[in-house]
Structure formats: C-alpha cells, structure tokens
There are 2 protein chains.
Amino acid sequence: MIVHTRFANLFDISQWKLTPYQILALGFAGLIVAGALLLMTPVASTTGQGLSFIDALFTATSAVCVTGLVVVDTGTYFSIFGQMVIIVLIQAGALGIMTMATLMALIMRRKIQLRERLIMQEALNHMTVSGVVRLTQYIIFATFLLEFIGGTILAIHWYSDLGSTGIYYGYWHAVSAFCNAGFDLFGSSLTSYVDDVTVNLTVTSLIILGGLGFTVIFDVWNNRRWKKLSLHTKLVLITTFVLLIFGTVVILLLEMNNPNILGELSWKGKILASYFQSVAPRTAGYNTVDIGKMQDATLFFTIILMFIGASPASTGGGVKTTTLGVMIAAIWALITGKHDAEIFRRRINQNIIYKAFTVFFIAATLVIIVTMMMSISEEFSFLRILFEVVSAFGTVGLSTGITSSLTVHGKLWLIITMFAGRIGPVTFVLALALRSRKGAIHYPEGKINIG
Amino acid sequence: MIVHTRFANLFDISQWKLTPYQILALGFAGLIVAGALLLMTPVASTTGQGLSFIDALFTATSAVCVTGLVVVDTGTYFSIFGQMVIIVLIQAGALGIMTMATLMALIMRRKIQLRERLIMQEALNHMTVSGVVRLTQYIIFATFLLEFIGGTILAIHWYSDLGSTGIYYGYWHAVSAFCNAGFDLFGSSLTSYVDDVTVNLTVTSLIILGGLGFTVIFDVWNNRRWKKLSLHTKLVLITTFVLLIFGTVVILLLEMNNPNILGELSWKGKILASYFQSVAPRTAGYNTVDIGKMQDATLFFTIILMFIGASPASTGGGVKTTTLGVMIAAIWALITGKHDAEIFRRRINQNIIYKAFTVFFIAATLVIIVTMMMSISEEFSFLRILFEVVSAFGTVGLSTGITSSLTVHGKLWLIITMFAGRIGPVTFVLALALRSRKGAIHYPEGKINIG
Ligand SMILES: [K+]
Ligand SMILES: [K+]
C-alpha cells in the first residue's frame, strides 16, 4: 500500500514540489520538445520530407534559446509554416516562459498567485515581487512596439528589392534581431548587406536594445537622466558601450587588410562591418562577413566577446556584462587596497561579488567540458570547436560554418549547451540541484592556502 | 633644492617603502637578470659564442621560474659551466628568493628582523610568522635530502649506460625534477625512458613531492596519521591523488590507440606513459612521449591539468589544487543549498572562497590576453599557442615543440607569463599595485543583477 501511494505521488506533479529553477527549466524544455515535433511534420519543409528528430530538436532548441545555430538552411529547407513555427518559438523563448504564462493568465483574467509571481521574479531576474506583473505587461508591449518599428523600416527598405517578400522578410528579421535569435532567411546571414547603412543601423539597434535587458529599457524610459538611473542600468550601459567601441576598434585593426573580410571594402564598409561584427557577439548571431575566413586572433577575440554576452533579463546570453563589471571592480579593489569593491560610488556586497565569480567559474567549466567532449567526437580544428561551443553557450549563433557537419554527439552537446546558456549557468546548476536544505550542522572554520 | 632631494630619494632604495609583494617580485627579477648575463658569456656555451640577450633572458626566466621551456637545447648548446648556472638558477628559484636570503642570513649569523620575516611569510604562503625561520631551515634540508636520494638512484641506474656522465645526469635531473623545473640534458626530455620503471617512478616521485609544497611534507612528516593532518594538507593530498588517477585514466583512454603516443607500447609501457604524462602537468614539464603528436583532445586536457597546476608553497605553478578544491566546495554548497562551503567537516571562510575565485579569474584573464597577443604575432595553430601560454603560466615547461621558433614578441610574452605564473597571479597583480590605501570613503551599498 505504501509503495502504491508513493508511485501515485510520482505521477501527481503537484506533489513534486519543484523549485522555481526546475519549473523554469521544465517550461523551456516543454516548449522545445513541442517545437521539435512541429518541425518534424512534412508540412514544415518545402520538400514535404520530415526533418530527423535530432535536427528538429537542434533547430527547436536553437530557436527557443534564441541561439541561431542551424543544421539546415532556414530560408530554403523550411516552408512558410516551418518558418512561422521558428519565429514563434523565437518570440516565445525570448519573452520567456514565465512572461508567456503571465500573458495567458491576463487573457484568462486568472488571479495570479504569489507562488507564480516568485517564479516570474526568478525568470526576469528582477529584484522585487511587486511590479513584476506590471513589468511583464510592459515587456510584451515594448517588444512588439520595437519589433514593429524596426520591421517597418526593414520592410520598406527591402520592398524595393524583393517586392512583397521584402515585407515578410522585414518583419521576420526584425523579430529575430530584437530577440537576438540570429536566424535568417537569406542563407548567408546579412553578408549581402555588408555596406548597407539602413540594414546595418536598424539591425544593430534592435540587437543592442534587445541585449540591454527589459529592466534597463524600462529604467531609461522612466527616468531619462543619468543621475536618476539605477546602479544596475548605469553599469549595463557603460559596459555595453565600452565593449562595442573596443570591439569595433580591435576587429578593424585585426581584419583591416584581410581581403576575405575587410580588405576589399571602402572605409565606410570597413567601419560598418567592424561595428556590426562587434555588435553581433552581444549576442545576435547575425554576420555581414564570412566568420570562417577571419584570422585566428579575431576568432578568439570574438569568442571572448561571446562569452561575456549581453546583459541580465535580456534576450541575450553569456555570463553577462554586469558579471564582468563586478569582477573588474572586485579586482580593482584588491589592487588599490580598498576594503570594498565600488562602482559609481556604490559599495558592492560580497554576496554579489561571490555570485559573479561563481557564474564565471560555472560557465567556464561548462564550456571546457563540452569543448573537451567535442574535440573527441568532432574532426574540426580546436579553435572552430571552441568557437561553436561558446557561441552555443552565449546563445549567439555565430559559426565558422561547421554546425551542419557535426556528428549526432556534437549536436547533442550543443543542444545541452544552448539550453544551459539560455536559462543561465547558475539556474542550470540549481535546476539540477537537490532540494534546498539549510546546513543543520555548523562546522568550525578551517584554514586553506590559496594560489 | 626640493627637486634635488626628491631625486636623491629615488635612488635610495630604503626610501621606496616597497610592499612585500614588490620586494618578492624584484628579487626574482634581479636573479633572472643576473642569470641572463651569465648565460650570455662565451664560456657558458659549447661553441664559445654568446647567446643573444632575448634567448639568455628567456632561458634564465625559464630556469628561475622553474618552467623548463627552452629556446636552445640545454644538453648540447650549454657548456658544463652553462649547465651549472642553469641548475643553480633552478635551485635558487625553487627555494625562493626569501628562503635563499634566510640561508645567507643564517650563514652570516645575522639577526633576522621582523620585517624580513613578514616578507618570508608571503613567499612561503605560510600562515604564522612564528616558525617561519624553522620552516625555512627545514625546507633547505628536506630539499637537499630528497634530491640526494633521488639523484643517487638515478646516478646508479644511469652509470651502467652512460658511465661517469650518468652520475652527473642523475643528480642534475634529480634537482630539476624535484624543483619541477623540466630542464633536461638529453635533448628529447625523457622519451628514451618511456618504459623504464626506475626512471619513471624515481622522477615522478620527485615531481609529486616537489609539487605538494613544503608545508604539506612538513605536516605529513610530523603527524603521520590522517586525522592529525591539517585541513590544508588533507585537501592537497586528496586533490593531488584524484587528479593523478583521473589524469592517468583519461590520457590512457584518449591515446591508447594513437601509434605516435601509446599505440606501439606494451601494456606496462602504456600505463607508465599515461601515469607519467598525468604527473608532468603537476607541473614538472618532463615528458616521455612526443607531446606535439598528441590528439587535440589530449592537448586540451593537458592544458586544463597545467592550468590547475601544483599545490601552494611548492616548486610548482598553476592556480593550485587548493584553489580548485575551494571553488568546487563553494559550488557544491550552492547546489545543495548549504549556507557555508565545507571541506572535511570544516567551514570555509567567505574570504578564502573570494580569494580562490579571484586567483582563477586573474589567471584566466592573463592566459586569455597573452594567447590573444601571441595569436596575432605567431603563425602556429591556436591550440599550440594556448598550450604554450598555459605551460608558461603554470611554469610547466611542456611544449608541442614551437618554443624555439617563436618571434621575439612571442618570447617576451612568455617571459612575462612565466614570471607572473611563478610569483603567483595575485602577488603579480599586487606587486603592480599602488600603495595600499584603506578606503576612506564608505559608499552606500548598490544592487546589481548577475548572470
Ligand atoms: K543569438
Ligand atoms: K616546470
């Protein structure tokens, strides 16, 4: 009888007492599996042949996790239906499972329980429970507004070249850009538009706005003046700005004379292309030059930018700009002999610093393990494998062109990496975690030498 | 007049008020420059031609920092005098500038000042000022004793093959092995002895003992029983043991069928060679197989082992086994929802955890920057460059064979990396630091989202 009851409980989900982290992870996983099944249907492809399960799972994970790594060409392999499934998965993934759940709840006028609010809080990485619902409504509105504006500009621009297809392409790519998804219908990303000012500026603006995070956009919109902005917003804006300028200059210097990248372009084209490739690792995944032909130094530099990624509570991935900012502040305090780490005249709590280093360490460990496993299973050069793994972890989607030639093992590793990268390394680890149990035993303190 | 006084002070070292970190760094730097000048003399080479300054500086840095990367072959390029200079630099570097200073002080019966004791404390990474002098005496005694025992075994073993040269080789390589220096006189490291049980076991034992750190050897010698050992000693022994076994198994599995590495060897040879190559990154730099012919996965795995390195206050480099242990304990506490990180029923202070993550982050940043710069200046594949940089940082000395073909830029970057790796990433950063000034202003606490 006891055994019977235990088994009954196993199938009663409400008895599982999942942590918010686990609910978040399961929500994403459910969406991915549903998407994969839809992409396997014959009607999703132009040929009428269904995609294999592994490739459908890879594509759905890449879409939901807004990565943009692809094993088949989105523009030619998938039918309009298939392309719509992908853009919906992208939009759903970007807004986040919990935001979607709130939307559903609002539609159904269902009262939102405190427990659900706590889950949303985790999903949005927002700091107070109050205002989460209002923020969620704002997120959906702002997302659609920005995608509409960007899409309209691109639709008008592409209408002259491509006719009515141009309108479809305009809105489709605006959604993909704002969501930092990196999926494209051209088959060669945006390489045809390497020196097209309208496409470059519209797409990069959507990417940057999507990567700043909703809390930052919200703060800037409400306060307008620098002094009134929160510390978080200031840090995000400064780190993003510095990374974009620094990235543009470094890429320009490294690839200026490479005939396959910037060498043949005019100065306008050189600067636009450097800027675009500096924005792309934040974490859009679009490219206007052939990434596979970059020099090793540029590829490694791009890997570092992709690893840093975008800002928290955004459509982007990576360890996040704030994590980098906090770690630099902590090291700076150590160097200058200050007692506390400080940013913009605010003291940074030890716990925040601890969390920043933890995120960095878990992310590095994940990338190292997957790169190790893939350098066993795949034939490509180490740098290209590392590039692919960090691209997946940062949900970036840039590739040196090896994705479709990977083994099933390689694809599975990237699926796990995209998933961990999207829900965040700490959430990923916590979702795997045992139930929280506060240490009942307090041991005496021990001494250890470090470094 | 004021200007004159200021200049006078500049040349009066006692007025500089250097921090202990800076004194430590300058001591190492002085020894390196002195060594480089000696190695440039015609009498140091067999041909009578002096070495170029950059190559002499590289060799002296490699010796003092007990790294073992070489730009000229030690056995054929250098005369007996040159080889003696190198082994003395190795011995001096390993014992540490401060231990040497203590030795001098003891010889001269000079009273040791408290200030000097504090500097020694930093050098030895030991936790109390009392007992530092006694420990230093012990270090010197234990070093010479272990080198004598190991050297005698090797001398007897090699006497039958090489005659009186074998005796010289025996003691020379015993010093190099215990100091984790990786320099050899054979020209091909120990590849001729890949399945020689005596050489393998003697050399690996010297390497492991040297890499445990003097405090651990001291603790084990005094207490003998596991329960009585300090937390630090237990952590060092466990992490070293796990890394050695894990490394042996992984290398065996990865290279078992590679005809250039283990494929042609007997089972005894396969296991001995796997074990040796697992010990070498801890951080000896000797090898019994051709590292350059390993598969990419094995090279990357070796990079990870080299980055971890040996234990604190030892002859080895890297971020250290205890740093790894503390980070794992901290992540484990996070996963299991415990309030405190715990190791062997002892609570780990937040400051120790903070320091461990800082060491890891600074080390990773250093490796990334140098790899980036060298992938611009050097023509070799990314993985080989990364291997060389981590080998220099961990003062390991393993190489895929590119060291002597590096540009002057590349050599200078490796010199800086070896130096930073030897004095430790945190000491390196602190030596560059401005004078310690406790934060006079206490800013209010700010909030930032991480990851
Ligand atoms: K992306
Ligand atoms: K070494």
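Each chain gets a letter, A, B and so on, in the order its sequence line appears, and its residues count up from 1. Given the structure is predicted, the values throughout are model-derived calculations rather than measurements. Below, each value reflects all heavy atoms present in this structure, side chains not excepted, and no hydrogens, waters or symmetry copies.
Checked against side chain to side chain contact (heavy atoms under 4.5 Å, CB included), Phe344(B) has the following partners two or more places apart in sequence or in another chain: Trp226(B), Leu231(B), Lys234(B), Ile238(B).
For a residue to count as touching a neighbouring chain, one of its non-hydrogen atoms must lie under 4.5 Å from one of that chain's; by this rule Ile303(A) does not touch chain B. Residue contact with chain B, scored on non-hydrogen atoms closer than 4.5 Å, is absent for Ile385(A). Using a 4.5 Å cut-off between heavy atoms, Ala364(A) touches chain B through its side chain atoms alone. For Leu254(B), the part lying near chain A is the side chain, with the backbone staying farther off; criterion is any non-hydrogen pair under 4.5 Å. If you measure heavy-atom distances from Ile376(A) to chain B, the contacts under 4.5 Å come from both the backbone and the side chain.
Using a 4.5 Å cut-off on side-chain heavy atoms (C-beta onward), Tyr354(A) and Tyr354(B) make no contact.
The aromatic ring centroids of Phe361(A) and Phe360(B) lie less than 6.0 Å from each other.
Interface remark: of the candidates Asp296(A), Thr358(A), Leu386(A), Thr358(A) forms the most heavy-atom pairs closer than 4.5 Å to chain B. Across Thr371(B), Ile368(B), Val236(B), Ile304(B), the residue that shares the most heavy-atom pairs under 4.5 angstrom with chain A is Ile368(B).
Pairing each heavy atom of Met372(A) with each of Phe301(B), the nearest pair is CE-CB, 3.6 Å.
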